[in-house]
Each structure stands twice: as C-alpha cells, then as structure tokens.
Amino acid sequence: MPRPKATMPRPSPKGAVERYAGLGSALTSLGSALAGLMFVWSMVRPFLPRTVFKYYLGHLMRRHARWLVALLDPWLTITITDHDGGGRLGIGAVYDRAKAYLSAQCATRARSLRAELAARGTERFLLSMDHNEEIADEFQGATVWWHSVSLGGAVPRRTYRLVFHERHRDLIVESYLPHVSREGRAIMASTRRQKLFTNTFDRHNSSWSYVVFEHPSTFDTLAMDPAKKRAIMDDLDAFRNGRDYYARIGKAWKRGYLLYGPPGTGKSTMIAAMANYLGYDVYNIELTSVTTNGELQRLFVETKGKSIIVVEDIDCSAELTAKRDRKKPPPPSGPDDYEEARKVTLSGLLNAIDGLWSACGGERIIIFTTNHVEKLDPALIRRGRMDKHIEMSYCCFEAFRFLARNYHGIDAHPLFDNIKALLDEANITPADVAEHLMPKCAADDADSCLASLVKALAEKAKENATTAVINSMDDLLKDDQTVLDK
Ligand SMILES: Nc1ncnc2c1ncn2[C@@H]1O[C@H](COP(=O)(O)OP(=O)(O)OP(=O)(O)O)[C@@H](O)[C@H]1O
Ligand SMILES: [Mg+2]
C-alpha cells in the first residue's frame with residue numbers, strides 16, 4: 001500500500017486514507033478467511049483436549065497476534081507532547097526541538113501554518129504547523145509524516161504524531177529522531193527567546209504556561225550603588241561559568257538570592273535585569289495557587305535549566321513564617337483537616353528547593369523577594385539555600401545621579417547638592433525618584449523635574465522629622481510610665 005511521496009503537495013485527507021488505501025481488498029479477503037477459520041475452530045475445539053488448547057494453541061495465537069496486527073497496520077506512531085509533566089526530564093524539550101525542526105520543513109510544505117516572532121528584536125518569523133496539519137519528511141530514503149494535533153482537556157496539550165512504516169523502525173529510532181533533536185536544538189539556539197512562565201491551576205493540577213519575556217530592565221538602567229551592582233554582576237558571571245567548579249566541589253549547580261527591602265526599591269526590576277543579563281527564562285511561582293507540597297515539588301521538577309525561579313513576597317506567599325514544622329501532621333480526618341493538608345508548608349518548600357532533582361541538569365537561580373526579611377524562618381534563608389542576600393535600599397545619591405543621567409542625560413545640576421542633603425533625611429525609594437524625574441508633559445524638562453523632586457524630598461524629610469519627634473516623645477512617656485509604675 002504505497003503512500004504518496006513526500007514531494008507531493010499534501011497527502012489528502014490528512015494522510016490517513018492513503019495510509020489505509022489499498023487495504024480494503026486485503027481486509028475483505030482476510031475477513032472471509034478469518035470467518036472460515038473461526039467456523040472450523042468452533043467445530044474442532046470441543047474435541048481438543050483442554051491442555052492442547054490452553055498451552056499450545058493459546059501460546060501460538062498470542063505469539064502471532066503481533067504479526068497479525070503488523071500485517072493489518074504496518075504504520076507506527078510516536079507521540080510527542082508538550083508539557084506533559086516531564087518538561088524537566090526532557091519530554092517538553094523534545095517537543096520544542098521537534099517544533100523547531102519542523103519550522104524549517106513546514107515553511108515550504110504545510111498549507112496551514114502558525115507564525116510567531118523567532119527572537120526578540122528580530123523581524124524573523126518562526127513557523128509551525130497549525131492544528132490538524134500534516135507534512136511529510138524524507139530521511140535516508142524513508143518517508144515519515146508529522147501530524148500536529150491538540151489533545152483535549154482543561155489545558156490543551158499540543159502534540160505531534162510521527163507516523164512511519166514499521167520497516168523503518170530502527171532507522172527512525174536510531175538515526176532520524178536524534179537527527180530531529182540535533183537540528184531542532186541548533187535552530188532553537190539561533191532563534192531562542194526568553195520566556196516568562198507562570199503556574200496556572202485548573203481543577204486538577206498546576207502547570208506552567210508562558211509568554212515571551214520582554215522586560216526592558218537591564219543593569220544599565222538599574223539605579224543602585226555602582227560597586228554593589230558590579231559585585232552582583234560578577235557573582236552572576238561566576239555562576240554562569242561555574243559548571244566545572246560546582247561539579248568539582250560536589251554542589252548542585254544552583255544559586256539562591258534573597259532580595260529584601262521596602263516596596264519600590266527595585267527588587268522585581270533587579271530580577272528582570274538579572275534575567276536579561278544571563279539570557280535565562282523566568283519561572284514565577286505564585287505559591288498561593290499551589291495547593292500541596294507534592295504539586296510544588298512537581299512544578300520545580302518541571303523547570304528547565306538556564307532559568308531563574310522566582311517566589312515574590314515570600315513572607316505573604318504561604319504559611320512559611322512559622323517555625324519549621326518538625327512534627328509530621330496527623331492524617332486528615334475531617335474536611336478542615338483535608339483543607340489543612342492541601343497547604344504548602346515550609347518544609348515542603350525547603351524540599352522543593354533542595355530536592356535531589358535540583359542536582360540534575362542544573363544552572364538554576366532561585367530568587368526570593370520580601371519586604372519583611374525579619375519575618376522569614378532562618379531555615380529558609382540560610383546560606384546554602386539563599387546564598388547571597390541583597391538589600392535593596394532607599395535611593396542613595398549615586399542611584400539618584402544614575403537615574404538623572406538615564407532620564408535627562410545630565411551629570412550635574414545646581415540642585416544636585418540640595419538633593420544630596422535631602423536624600424539622607426527623606427528615605428525615598430528609587431521608584432518615587434523615578435516618578436518625579438519622568439516628564440509628565442511636553443513642557444517638562446530637567447529643571448522642572450528636579451524642582452518637583454526637591455519639593456517632594458523636602459516634604460518627606462519634614463514628615464520623617466515630625467515622626468521622629470513623635471516617636472521620641474512616645475519613648476519618653478513610656479520611660480516616665482515605667483518609673484511611675486515602679
Ligand atoms: N533601582 C531602580 N532603578 C531603576 N528603576 C527603579 C529602581 N527601583 C524601582 N524602580 C522603578 O520603580 C518601579 C517599581 O519597582 P519594583 O517593582 O522593582 O519595586 P519592588 O522592590 O519590586 O517593589 P515591591 O516590594 O512592591 O514588589 C519600577 O517599575 C522601576 O521603574
Ligand atoms: Mg516587586
């Protein structure tokens with residue numbers, strides 16, 4: 001039953017009919033032969049000793065069942081699904097490689113295509129097959145068919161089905177699939193786009209979904225003490241180039257950063273700058289939508305290498321601020337207990353971060369952010385888990401100068417001295433400074449923006465001074481009360 005050559009424009013409809021074309025007559029004659037055989041079998045069977053039937057004929061039929069199936073349908077199928085719980089173990093990666101490989105094939109062969117931008121800042125498109133589209137490919141004289149389908153469910157899973165003749169089994173498994181993987185990886189490397197993954201929850205479980213990561217923040221636009229910034233960049237470089245070093249000292253190739261500081265001091269901006277600097281994907285875990293420790297573990301396992309795993313506002317994310325739960329919880333008995341058992345616990349998070357999986361593949365950075373570092377359990381942020389603690393503080397003069405250069409291209413201004421003095425008293429975040437420096441209308445320029453900043457700083461400094469006086473009076477009153485009580 002020869003299938004149309006791959007060079008033909010498009011097997012129709014969807015190749016399935018061709019695959020079985022010509023089988024009709026064979027099936028008809030086989031059907032009548034089988035019917036005759038069954039008739040003879042029913043006549044003969046009562047006269048056969050039980051053992052003959054059970055051990056000899058049964059065995060014979062089982063042995064030849066595969067041969068019979070192969071005769072009826074010699075076409076084999078390999079299914080490759082995206083994000084089917086094995087991304088970390090390479091199944092998701094296989095899908096991505098197949099998709100990249102097919103992008104080159106389908107550009108000339110498929111009739112219904114999907115297009116996405118190949119990489120940030122380029123005009124190149126990456127083409128892929130649309131759902132239910134099929135293309136043929138030739139490899140060392142063998143023809144294979146790739147069929148793109150979407151498996152149903154709450155989160156539809158994009159899937160490729162690779163169909164080929166059984167006589168090519170070895171060629172496909174030993175040579176063609178590695179060829180697809182190799183070529184696909186090369187194409188991916190040349191068109192790689194950073195991704196931002198977030199965990200979503202449907203009625204059954206959590207899974208990752210992604211968008212293209214396009215955050216403009218870089219270390220060039222991040223305002224902070226230059227020496228501190230340089231130290232962070234050096235740390236990232238050492239990590240990125242540290243594969244052999246980590247292997248030599250016997251540590252998993254991962255590094256934890258704790259970013260802490262008041263709101264608006266640039267923690268999220270710093271994460272984006274790190275991701276852009278390293279070119280890594282970002283996995284943003286929303287702990288409140290993870291219901292169990294097991295699910296959290298699975299999400300971590302599904303992350304790929306060259307990535308930053310982020311848990312923002314870790315102090316508000318889950319019940320992680322209590323002391324480590326040393327005792328095992330009792331088995332759930334009532335509905336409330338079940339609700340309790342569904343929560344992510346501190347030990348669950350620690351296991352997810354440090355589990356054995358974390359040593360496989362490697363090259364992962366884990367970042368926690370918090371506004372209240374003092375609330376966190378020491379176990380969570382100890383060195384080795386959160387290796388580097390970075391304080392994101394209120395805007396210092398260096399950071400202000402950086403922002404002024406960035407927003408208005410100025411390195412000096414008569415108001416700078418005034419601003420320097422006020423910054424020490426005002427405790428204002430880089431986010432607030434940036435807001436004042438941003439022109440609000442066409443008439444706004446460096447002078448007006450700096451004047452607006454000075455006004456805001458003066459007000460904040462005055463407010464802080466008043467608060468300080470009130471606090472000190474409170475302290476005095478408390479001291480007096482203590483003396484009176486005695
Ligand atoms: N150090 C900085 N350099 C440049 N811009 C900054 C800096 N810090 C803050 N910003 C500006 O302020 C905005 C808010 O900053 P960001 O979201 O990073 O703060 P955050 O520390 O993550 O706050 P939160 O604790 O509320 O999450 C950013 O969009 C950015 O434009
Ligand atoms: Mg933030």
Side-chain angles (χ1 to χ4, degrees), residues 196-199 211 213-233 235-236 256-278 280 282-289 308-318 320-321 365-376 380-381 386 388-411 419-420 423-424 426-440 444 446 449-450 452-453 456-457 460:
L196 170 64
F197 292 85
T198 44
N199 55 311
V211 293
F213 179 76
E214 284 188 317
H215 199 294
S217 172
T218 64
F219 279 113
D220 289 338
T221 62
L222 185 74
M224 71 186 295
D225 177 27
K228 210 168 152 185
K229 194 195 290 187
R230 188 67 257 167
I232 294 169
M233 290 165 79
D235 197 83
L236 292 173
Y257 288 85
L258 173 72
L259 305 184
Y260 65 96
T265 46
K267 298 180 289 299
S268 306
T269 312
M270 163 74 86
I271 294 169
M274 284 176 161
N276 281 331
Y277 185 67
L278 296 169
Y280 286 5
V282 178
Y283 289 84
N284 201 357
I285 295 197
E286 180 52 64
L287 276 187
T288 47
S289 47
I308 299 181
I309 303 170
V310 181
V311 185
E312 288 252 43
D313 297 322
I314 183 90
D315 51 304
C316 325
S317 288
L320 306 173
T321 47
I365 287 177
I366 299 171
I367 303 183
F368 289 165
T369 75
T370 180
N371 296 330
H372 302 284
V373 67
E374 70 288 347
K375 279 196 196 169
L376 298 180
L380 189 61
I381 57 172
M386 289 295 113
K388 195 167 170 64
H389 295 192
I390 302 171
E391 181 177 7
M392 303 298 289
S393 47
Y394 290 116
C395 192
C396 62
F397 183 64
E398 280 305 319
F400 156 74
R401 272 185 54 171
F402 185 92
L403 286 172
R405 201 178 310 133
N406 207 0
Y407 281 63
H408 293 285
I410 53 171
D411 252 330
I419 289 172
K420 186 175 185 187
L423 276 174
D424 289 340
N427 280 352
I428 189 170
T429 63
D432 287 334
V433 173
E435 180 56 23
H436 286 285
L437 291 182
M438 182 110 81
K440 308 288 179 315
D444 270 347
C449 289
L450 288 177
S452 146
L453 177 63
L457 284 172
K460 189 81 198 309

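Order of appearance sets the numbers: ligands from 1, and atoms from 1 within every ligand.
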Show me the donor-acceptor pairs, under 3.5 Å and distance only, between side chains in residues 432-439 and residues at least two apart or in other chains.
residue: D432; atom: OD2; partner: T429; partner atom: OG1; Å: 3.3
residue: H436; atom: ND1; partner: S452; partner atom: OG; Å: 2.9

For the atom pair CD1 (I314) and OG1 (T370), what is the distance rounded to the nearest 0.5 Å?
8.0 Å
I381, L376, I367, L259 screened by side chain to side chain contact (heavy atoms under 4.5 Å, CB included) with M386, the one that passes:
I381
Would you mind telling me which of T265, I271, T269 makes a side chain to side chain contact (heavy atoms under 4.5 Å, CB included) with K267?
T265
Neighbour count above 12 (heavy atom, 6.0 Å) for K440 NZ
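Count over threshold, so yes.
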So, the side chain of N276 versus the backbone of P216: is there a donor-acceptor pair under 3.5 Å, distance only?
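Here the side-chain-to-backbone pair does not exist.
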Check for a donor-acceptor pair, side chain of K229 on one end and backbone N or O of L222 on the other, with a separation under 3.5 Å.
yes
Y260 and H389 aromatic ring geometry - parallel, tilted or perpendicular at 30°/60° bounds
perpendicular
Going by ring-ring contact (aromatic ring centres under 6.0 Å, His included), name the residues that satisfy it together with Y257, two or more places apart in sequence or in a different chain.
none
Show me a pair-per-line table, with atom names and distances to 0.1 Å, of protein N or O atoms that are under 3.5 Å from an N or O of ligand 1.
residue: ligand 1; atom: 1 (N); partner: A223; partner atom: O; Å: 2.7
residue: ligand 1; atom: 3 (N); partner: A223; partner atom: N; Å: 2.8
residue: ligand 1; atom: 8 (N); partner: G266; partner atom: N; Å: 3.3
residue: ligand 1; atom: 18 (O); partner: S268; partner atom: N; Å: 3.4
residue: ligand 1; atom: 18 (O); partner: T269; partner atom: N; Å: 2.9
residue: ligand 1; atom: 18 (O); partner: T269; partner atom: OG1; Å: 2.4
residue: ligand 1; atom: 19 (O); partner: G266; partner atom: N; Å: 3.4
residue: ligand 1; atom: 21 (O); partner: T265; partner atom: N; Å: 3.3
residue: ligand 1; atom: 21 (O); partner: G266; partner atom: N; Å: 3.0
residue: ligand 1; atom: 21 (O); partner: K267; partner atom: N; Å: 2.9
residue: ligand 1; atom: 21 (O); partner: K267; partner atom: NZ; Å: 2.8
residue: ligand 1; atom: 22 (O); partner: S268; partner atom: N; Å: 2.9
residue: ligand 1; atom: 22 (O); partner: S268; partner atom: OG; Å: 2.9
residue: ligand 1; atom: 23 (O); partner: G264; partner atom: N; Å: 2.9
residue: ligand 1; atom: 25 (O); partner: K267; partner atom: NZ; Å: 2.8
residue: ligand 1; atom: 25 (O); partner: N371; partner atom: OD1; Å: 3.0

Within less than 2.8 Å of the Mg ion (ligand 2): protein N, O or S atom count:
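Atoms of protein N, O or S type lying less than 2.8 Å from the Mg ion (ligand 2) total 1.
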